Amino acid sequence: MTVRFGNRRIFFYVAVFLLSATVLGLAAHFANVFLPTLHKDFSIFSLVVSALTIFVFLITLQWAQPLTEAIAYFILWALWLAMGAWATDIIGNTQCDGLAGQRTATKSGDMSAQAFCYEMKVIQAFSWMLFVLFTLAFIILLTLVDQAQRYGRRDIWEEPIRELPWFGEAPGYYNTTPGQSAPYPTYPQYPYPMSSAGNGQVIQTPGHSIIIQPGTHGQPPTITQVPLASA
């Protein structure tokens, strides 16, 4: 995993944690004042979705593969889409400023309708923000996996998430300098002849193995033949 990919993944996780925690806090407040008589379904659903998001991210922060992370992103993407749509259906285009002085029923009395409206607006906005974040994260993840596979990492879906590179970087080598691509490990060069057919195809010298290192930044790949005892 490169520094750039790691930093961007942590930034994404922090943003999701903060937004989900805010929704969880508001959902807990709704559950406290409304359950079990009013807004039961929405209060429970908002609690489950926000808590599940935090729980899943705590797990994937410690251990994840591109495959498991993609599945998690897709499921949470669908749940936050439902949350945003449901909150929009409840609060709609209501102007909270016009509710000053009005009250709305709770399980044990009433509360400010304007405060309820503002809190619902926050849940609505944060739900759509999380939906957009998961959409972008899912697309970026698929793109990075495709890039790693083009580098020859065919099993990258089942490898640790740290093996993924950022755009334009090689997979699997951790770079400690931000903004620079980490080089592939080098092999000793031997003065053995490398034969090439007329069509540009490399012919392997007997007793040697061919090591192909993908080029970076548009450079052609480096092809090296080393003795089998050294490969």
Side-chain angles (χ1 to χ4, degrees), residues 6-142 157 160-161:
N7 289 343
R8 283 156 178 76
R9 184 169 180 259
I10 291 297
F11 177 80
F12 168 66
Y13 269 55
V14 170
V16 171
F17 272 128
L18 293 176
L19 294 174
S20 299
T22 302
V23 174
L24 179 61
L26 293 175
H29 173 65
F30 285 167
N32 181 56
V33 298
F34 292 129
L35 290 182
T37 55
L38 300 171
H39 304 290
K40 177 180 179 181
D41 294 336
F42 180 79
S43 297
I44 294 176
F45 185 75
S46 57
L47 280 171
V48 170
V49 172
S50 53
L52 179 63
T53 301
I54 295 174
F55 175 73
V56 169
F57 268 45
L58 287 175
I59 294 178
T60 57
L61 186 62
Q62 303 297 324
W63 177 89
Q65 298 173 334
L67 178 60
T68 58
E69 192 132 323
I71 294 174
Y73 286 176
F74 181 79
I75 293 174
L76 295 175
W77 170 85
L79 290 175
W80 285 110
L81 171 62
M83 269 286 294
W86 200 343
T88 301
D89 181 65
I90 292 175
I91 203 64
N93 296 320
T94 303
Q95 296 297 320
C96 300
D97 292 342
L99 300 177
Q102 300 185 31
R103 312 292 294 179
T104 187
T106 65
K107 68 177 182 181
S108 58
D110 57 36
M111 65 176 291
S112 169
Q114 189 178 49
F116 171 73
C117 178
Y118 283 138
E119 292 177 7
M120 281 298 305
K121 290 288 187 179
V122 172
I123 292 180
Q124 178 190 25
F126 282 17
S127 297
W128 286 120
M129 288 176 64
L130 284 162
F131 165 73
V132 172
L133 284 176
F134 279 113
T135 301
L136 296 176
F138 187 74
I139 294 173
I140 291 173
L141 179 63
L142 294 182
W157 280 112
I161 192 72

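Only heavy atoms go into these numbers, but all of them, side chains included; no hydrogens, no water, no symmetry mates. In this text the structure is predicted, and so the values were computed from the model without any measurement.
- Between F131 and the choices F74, F138, Y73, W77, the ring-ring contact (aromatic ring centres under 6.0 Å, His included) rule is met once, by W77.
- Remark: the S112 side chain and the Y118 side chain contain no N/O donor-acceptor pair separated by less than 3.5 Å.
- Residues F45 and W86 place their aromatic rings such that the two centres sit under 6.0 Å apart.
- In this structure, K121 places its NZ atom where more than 12 heavy-atom neighbours from other residues, nucleotides or ligands lie under 6.0 Å away.
- Contact between L133 and F12 at its shortest, heavy atoms only, is O-CE1, 3.7 Å.
- Under the side chain to side chain contact (heavy atoms under 4.5 Å, CB included) test applied with F126, the options V23, L26, L18 reduce to a single match, V23.
- Interatomic distance, CG of L61 versus CD1 of I10, reported as 5.0 Å (0.5 Å rounding).
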Derivation and outcome, side-chain contact (heavy atoms from CB on, under 4.5 Å), residues F55 and I59: CA-CA 7 Å; F55 175 73; I59 294 178; 3.5 Å; yes
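- From T104, atom OG1 reaches atom CG of L38 across 7.5 Å, with rounding to the nearest 0.5 Å.
- The backbone N or O of A64 sits nowhere less than 3.5 Å from a side-chain atom of T68 that would complete a donor-acceptor pair.
- With rounding to the nearest 0.5 Å, the separation of CD1 in I90 from SG in C117 is 12.0 Å.
- E69 meets the salt bridge (charged side-chain N to carboxylate O under 4.0 Å, His left out) test with R9; sequence neighbours excluded.
- Distance alone, capped at 3.5 Å, is enough to place a donor-acceptor pair between the S46 side chain and the S43 backbone.
- Within the structure, the ring-ring contact (aromatic ring centres under 6.0 Å, His included) test picks out the following pairs touching residues 96-116 (sequence neighbours left out): F30-F116, F34-F116, H39-F116.
- With sequence neighbours excluded, the residues that form a salt bridge (charged side-chain N to carboxylate O under 4.0 Å, His left out) with R103 are D110.
- In terms of heavy atoms, Q65 sits closest to W157 at CB-O, 3.7 Å.
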